[in-house]
Number of protein chains: 2
Amino acid sequence: MNEQFRGTVHREAISDQITDRVLSLIREQQLRPGDRLPPERELASLMGVSRATVREALRSLAMMNVIELRHGSGTYITSLEPQLLVENFDLVFSLNDNSFLELIEARQVIEPGATALAAKRITDEGIAVLDDVIVRSWHCLKTQPGDFPQLDIEFHAKTAEFSGNVLLMRIMQGLTQMSIASSHRTAVDEGAVSAARVERAILMHEGILDALKARDADLASQRMLKHLLAVEDTLRGAQTE
Amino acid sequence: MNEQFRGTVHREAISDQITDRVLSLIREQQLRPGDRLPPERELASLMGVSRATVREALRSLAMMNVIELRHGSGTYITSLEPQLLVENFDLVFSLNDNSFLELIEARQVIEPGATALAAKRITDEGIAVLDDVIVRSWHCLKTQPGDFPQLDIEFHAKTAEFSGNVLLMRIMQGLTQMSIASSHRTAVDEGAVSAARVERAILMHEGILDALKARDADLASQRMLKHLLAVEDTLRGAQTE
DNA sequence: AGTGTCCAAGTGATCTAACCAATTCCACCA
DNA sequence: TGGTGGAATTGGTTAGATCACTTGGACACT
């Protein structure tokens with residue numbers, strides 16, 4: 001016996017029911033990208049709840065990039081493209097305190113593979129983008145070597161982007177952001193941006209780009225790993241100075 | 001002149017500022033798993049905003065499983081485990097048929113490298129843990145083959161753990177967890193848990209573990225990649241059936 | 001002392017009723 | 001024709017109140 005006590009006592013919170021409802025409508029294609037939802041006031045009266053509750057649900061969906069709230073205009077379904085929906089994936093690994101040695105090690109595991117994929121998929125437009133980064137890097141070396149880290153990040157982020165894999169792209173972006181925060185904390189910047197080091201880094205970027213141009217996945221992957229090992233040496237050196 | 005008009009017109013919505021603030025506090029270790037946040041009323045007055053706005057932020061964080069709102073008790077930081085934080089990303093896989101291929105591709109990039117690290121760092125205790133997973137996998141095959149995916153996750157998650165890199169561990173555990181969610185969506189389960197396939201998977205796990213026991217990083221890495229390529233074939237096959 | 005009951009305080013959940021701010025669109029005028 | 005101003009629409013935010021759940025301590029009973 002005692003079956004009579006089965007079942008959950010806590011029903012789901014109202015605002016969670018609303019988010020589930022919207023997500024269901026999206027899955028059933030009753031709501032499609034670009035569609036506009038009814039105004040908040042209307043939704044509230046339709047469902048017999050307060051506007052505040054509706055807004056809690058809508059804001060949650062907006063944070064997941066499922067909908068977009070446009071002030072004065074309305075609520076719209078986003079494009080629902082994968083790169084949008086995984087935008088917050090970095091939460092999975094960025095909420096912890098990480099040493100930059102762990103960071104660089106993770107990049108050594110991920111970037112060579114991502115670069116190999118990029119070699120297979122990069123378009124001529126993509127190559128032009130990376131070429132431009134290199135050109136700007138040389139210019140930066142002559143004028144403001146201190147600004148190089150920004151271009152370094154851009155090169156790596158773009159390379160990850162051309163891997164054509166949105167998850168790898170997001171992971172790389174998250175890791176590079178953490179690298180920035182980490183280097184700011186450890187004051188590594190001064191050592192890493194000496195003109196000689198910047199020049200070596202640009203040369204290695206060029207080598208990687210050449211391999212990408214040749215669509216040589218193995219070579220590109222190898223060179224990216226070598227580059228990241230060099231970065232690790234630089235960081236280790238700066239750390240012990 | 002006209003400098004007076006500088007600056008961005010659209011500032012970030014207040015509730016988004018609050019979520020960012022909470023996430024920053026977590027990153028800075030000022031808030032840790034299990035910690036309790038101040039009551040909503042207090043947060044509102046501390047930040048000089050209304051309670052409704054605070055709640056929109058908190059509900060968004062709760063939807064991403066970063067915090068938990070306990071009615072009558074308070075607001076608490078969750079465990080922040082990767083398996084928990086990726087829960088809501090399954091929407092990507094139900095909306096886009098090809099996303100799970102990108103997922104397995106990302107795993108193919110990351111897991112071999114992480115496994116190589118594990119080969120260098122795994123302890124005898126770690127090996128015992130993986131041995132136990134294998135033993136339970138064989139037992140599962142004989143009794144409840146349908147429960148194998150859970151053990152599959154466990155093998156990969158533990159391997160990630162023994163890589164000794166928290167970042168890689170979390171990324172890998174998150175991706176592995178999502179694999180299960182995506183395979184549920186695509187109704188692959190039936191095909192994937194056939195006894196023959198389960199047996200093949202366990203044998204490959206054994207091969208990986210043997211390489212780890214030998215501390216052979218290259219071999220372990222190779223075998224992990226081969227295993228994931230096999231998983232991809234299984235998924236592709238199930239997709240077109 | 002141990003134990004169970006009950007109540008009050010604390011806290012999240014929801015509602016109501018405003019007003020502010022950005023967008024949209026149409027009527028009106030030049 | 002075309003711009004221009006203002007009203008209507010709609011999201012953003014606030015304030016205050018009430019409901020519902022949890023917690024812990026006071027109290028009575030054993």
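Reminder, nothing fancy here: chain letters follow the sequence lines and each chain counts from 1. Just so you know, these numbers come straight off a predicted model, no measurement behind them.
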Report task. Please indicate whether B:Arg21 has more than 12 foreign heavy atoms, meaning atoms of other residues, nucleotides or ligands, lying under 6.0 Å from its CZ. Result -> no

Requested in this report: Could you pull out all residues at least two apart from B:Phe155 that satisfy ring pair (Phe, Tyr, Trp, His ring centres under 6.0 Å)?
Outcome: B:His205

Query raised in the report: Can you tell me how far P of C:dG10 sits from CG of B:Leu43, to the nearest Å?
Result: 17 Å

Query - Check against salt bridge (Lys or Arg N to Asp or Glu O under 4.0 Å), A:Arg55 and A:Glu40 - result: CA-CA 7 Å; A:Arg55 273 190 64 77; A:Glu40 295 176 354; 2.7 Å; yes

Requested in this report: For the residue pair A:Ser179 and A:Thr176, confirm or rule out a side-chain donor-acceptor distance under 3.5 Å.
Outcome: no

Hey, what are the protein-to-nucleotides 14-18 of chain C N/O distances that come in under 3.5 Å?
| from | atom 1 | to | atom 2 | distance (Å) |
| --- | --- | --- | --- | --- |
| C:dT14 | OP1 | A:Ile14 | N | 2.8 |
| C:dC15 | OP2 | A:Ser50 | N | 2.9 |
| C:dC15 | OP2 | A:Ser50 | OG | 3.2 |
| C:dC15 | OP2 | A:Thr53 | OG1 | 2.7 |

Query - For A:Arg121, all residues meeting side chain to side chain donor-acceptor pair (under 3.5 Å), sequence neighbours excluded - result: B:Glu105

Report summary line: When rounded to whole Å, the CG to P distance for the pair A:Leu37 and D:dT10 reads 12 Å

Report task. Please report, rounded to the nearest Å, how far the P atom of C:dT11 is from the CG atom of B:Leu46. Result -> 13 Å

Query raised in the report: Tell me, which of residues 61-80 of chain A have any heavy atom that sits under 4.0 Å from an atom in DNA chain C?
Result: A:His71, A:Gly72, A:Ser73

Query raised in the report: Between C:dT23 atom C1' and A:Arg36 atom CZ, what is the distance in whole Å?
Result: 10 Å

Report task. Tell me, please, which residues at least two apart from A:Glu111 pass salt bridge (charged side-chain N to carboxylate O under 4.0 Å, His left out). Result -> A:Arg107

Report summary line: A:Glu42 meets the salt bridge (charged side-chain N to carboxylate O under 4.0 Å, His left out) criterion, sequence neighbours left out, with none

Query - Sub-4.5 Å side-chain heavy-atom contact between B:Met178 and B:Asp90 - result: no

